[in-house]
Chemist: 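Below is one structure. I have some questions about it.
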Amino acid sequence: MSRLSDLRYSDVTPQSIYVNRRRFLATAAAAAGAIAGPFSGQGRAAALTGAKSAFSTTEKPTPQQVITSYNNYYEFGTGKDEPVRNAPKWKVPAPWTVQIGGAVAKPKTLDLDAILKLAPLEERIYRHRCVEGWSIVVPWIGFSLSALLKQVEPTAKAKYVAFETYYDPKAMLSAREAGIPFPYKEGLRVDEAMHPLTLLSMGLYGETLPNQNGAPLRLVIPWKYGFKSIKSINKITFTEKQPDTAWATYAPNEYGFYSNVNPKRDHPRWSQASENRLGEGFLGKGTRRPTEMFNGYAAQVAGLYNGMDLMRNY
Amino acid sequence: MPKILASKWTKAAVFLVCLAPAGYLLALGGLEYRAQVQGIGQPGNLTGDPIKYITHFTGDWTLRFLLLTLAVTPLRKLLNQPQLARYRRMIGLYAFFYGCVHLMIWMGLDKEFAGAELWKDILERWYITVGMASLLGMLPLAVTSTAGWIRRMGFVKWQRLHRLVYGCAALGVIHYYLLVKSDIRLPLLYGAILAVLLSYRFAVRRRKAGAVAAR
């Protein structure tokens, strides 16, 4: 699965940090049993690299161990430290297939290997803002989702795209336990889905995605709150009507279909004006920063919402 | 058993056990600090979001100690161990202690003492309003927890005031229920335990009232 490339994660992470990280990982492995946990989900990843992208931010990527040990993946536990413990036990079905249909001329079911051949892999360093008020910077590996969606030739009827996460009731929480409907569903307008920033990601930090981050492939929509970036996708459907999405179904007054990052539009239970950047500062002290409209991607995406009232269409 | 419960050493031991969660948190913080000094960055002992972890950890223990305080009287009566009453004040004060740490972490570490934003949150966010009310309600109880205050107020009045703890515990559970996103299992568990502890008191009262009426 790996590709030749001129950019490795050593290019974006200072050597001292990753050397230290490796030393720490080695120590941690040696001292197994002392404090088990944070990294138990790592170790099965394969190398996966991509070419530098003009879409990348110059901000410093969040340490890998934070990105891979602090996840919202409700199927594997509703606490953010749970997926790193539970998800690695899940065996990703092989071959992984993605069924693409609905309002399209050529419905297709593609497996992961075929998808990986559709476009050259890129490394895109994106800001990622969670609706809960924290943010990270992630060096994703992948390519624009449009490369995949073009394969099925959407018809004129296709206005929206619905996505679904693989659901295995034996390995995952029940909808009742998690409190939200499963299989997890998300959706985008077709123009949002086809936007070059919308990324289909198969890796991060130069490696394939860990299970807790949405292996083997997921969306990354950097100008929307994190829950829009659906994980472990196995079904994509083009639709005429706006599809149901998990969180908006659960609490429509709290989560909308669009869920664009918007510092002016507070969540009913917390402010969205600022965020804590994870992985910085002792105990996270002094990491609060103002949140930017469209998470700082307004120049690229504001045009998609011309004339729309974003306070109502949240 | 009564002898052990009456011992001052047992009381000292319980004091230390109640301090253990705080000690555990400090130890994790120490590990993080050492890692920081050594330039390793965050090893993740407090998860990727230490502020949230510490906030939830101290909030959890506030609720647990509140429920434990309310469990003392039923246990004392059901097990017929009057000496258990000696521990109630200490456990209650620990609830207040963890609650105060919880509040300080939120105000200082999370919101960085941004006055305007704090006020906005307290007034606009229901779960914060309710949590603040719960902690504020515990303040007079903590202040009047000494033997001196019981004497000054008279036991009947003092006891009436201290029934405020039922409300504080209920508000604490509601605070938790309101803030979780969708997985309500733990708040419901705390709520169920609280319901059992309060129904016990209700049942005892009814039985007493019944006994009086039957006379």
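So that the names make sense, note that chain A is the first sequence line, chain B the second, and so on, each numbered from 1.
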Chemist: Measure the spacing between NZ of B:Lys120 and OG of A:Ser271 and express it to the nearest 0.5 Å.
Modeler: 5.0 Å
Chemist: Could you tell me whether a side-chain N or O of A:Arg269 sits under 3.5 Å from a main-chain N or O of B:Val180, the two making a donor and an acceptor?
Modeler: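 Answer holds: yes.
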Chemist: Check each of B:Leu28, B:Asp49, B:Ile105, B:Leu46 against A:Leu283 using the side-chain contact (heavy atoms from CB on, under 4.5 Å) test, and report the only one that passes.
Modeler: B:Leu46
Chemist: With distance as the sole test, does A:Arg288 use its side chain to make a donor-acceptor pair with the main-chain N or O of B:Lys111 at under 3.5 Å?
Modeler: no
Chemist: In Å and rounded to the nearest 0.5 Å, what is the CG to OH distance from B:Asp183 to A:Tyr74?
Modeler: 7.0 Å
Chemist: Inspect the surroundings of CZ in B:Arg206 and state if more than 12 heavy atoms from other residues, nucleotides or ligands are less than 6.0 Å away.
Modeler: no
Chemist: List the residues meeting side chain to side chain contact (heavy atoms under 4.5 Å, CB included) with B:Ala203, not counting sequence neighbours, and say none if there are none.
Modeler: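 Listed in chain order: nothing, the list is empty.
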Chemist: Let me know if A:Trp247 has heavy atoms under 4.5 Å from chain B in its side chain, its backbone, both or neither.
Modeler: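 For A:Trp247, the contact with chain B is made by the side chain alone.
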Chemist: Identify the heavy atoms of B:Ser182 and A:Ala178 that sit nearest to each other, and give their distance.
Modeler: OG-O, 2.6 Å
Chemist: Check each atom of A:Asn71 against the heavy atoms of chain B and say whether the ones under 4.5 Å are side chain, backbone, both or neither.
Modeler: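 Interface part for A:Asn71: neither.
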Chemist: Considering only heavy atoms, give the residues of residues 122-147 of chain B separated from chain A by less than 4.5 Å, sorted numerically, with 'none' for an empty result.
Modeler: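 Counting heavy atoms that sit under 4.5 Å from chain A, the residues of residues 122-147 of chain B involved are B:Arg125, B:Tyr127.
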Chemist: Got a list of side-chain donor-acceptor pairs under 3.5 Å for residues 65-72 of chain B, not counting sequence neighbours?
Modeler:
unit_1, atom_1, unit_2, atom_2, d
B:Thr69, OG1, B:Phe65, O, 2.6

Chemist: So for atom CZ, which belongs to B:Phe113, do other residues, nucleotides or ligands contribute more than 12 heavy atoms lying within a distance under 6.0 Å?
Modeler: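 It does: B:Phe113 CZ has more than 12 such atoms within range.
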Chemist: Heavy-atom distances under 4.5 Å only: say whether B:Ile184 touches chain A with side chain, backbone, both or neither.
Modeler: neither
Chemist: Return yes when atom OH of B:Tyr24 has more than 12 non-hydrogen atoms of other residues, nucleotides or ligands closer than 6.0 Å, and no otherwise.
Modeler: no
Chemist: Under a 4.5 Å heavy-atom cut-off, does chain B meet the side chain of A:Ile67, its backbone, both or neither?
Modeler: neither
Chemist: Where does A:Ser274 contact chain B at under 4.5 Å (heavy atoms): side chain, backbone, both or neither?
Modeler: side chain
Chemist: Looking at every non-hydrogen atom in both residues, tell me the closest pair between B:Arg185 and A:Thr78 and how far apart they are.
Modeler: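 Minimum heavy-atom separation between B:Arg185 and A:Thr78: NH2-OG1, 4.5 Å.
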Chemist: Against chain A, work out which of B:Asp121, B:Ile54, B:Leu178 has the most heavy-atom pairs shorter than 4.5 Å and name it.
Modeler: B:Leu178
Chemist: Counting heavy-atom pairs under 4.5 Å to chain B, which of A:Gly79, A:Ala251, A:Gly286 comes out on top?
Modeler: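 The candidate making the most pairs under 4.5 Å is A:Gly286.
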Chemist: Between B:Lys181 and chain A, with a heavy-atom cut-off of 4.5 Å, which part of the residue counts as in contact: side chain, backbone, both or neither?
Modeler: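 For B:Lys181, backbone and side chain are both near chain A.
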Chemist: Could you report the tightest heavy-atom contact between A:Gly284 and B:Pro50, atom names first, then the distance?
Modeler: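 Reported closest heavy-atom pair: N-CG, 4.3 Å.
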Chemist: Going by the rule salt bridge (charged side-chain N to carboxylate O under 4.0 Å, His left out), which residues pair with B:Asp60 if we only count those two or more places apart in sequence or in a different chain?
Modeler: B:Arg64
Chemist: Less than 4.5 Å to any heavy atom of chain B: does that hold for the side chain of A:Glu132, its backbone, both, or neither?
Modeler: both
Chemist: Please check if the number of heavy atoms outside B:Arg34 that lie under 6.0 Å from its CZ is greater than 12.
Modeler: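 At most 12 heavy atoms, drawn from other residues, nucleotides or ligands, come within 6.0 Å of this atom.
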Chemist: For atom CZ of A:Arg289, is the number of surrounding heavy atoms from other residues, nucleotides or ligands below 6.0 Å larger than 12?
Modeler: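 Counting neighbours around CZ of A:Arg289, more than 12 heavy atoms of other residues, nucleotides or ligands fall under 6.0 Å, so yes.
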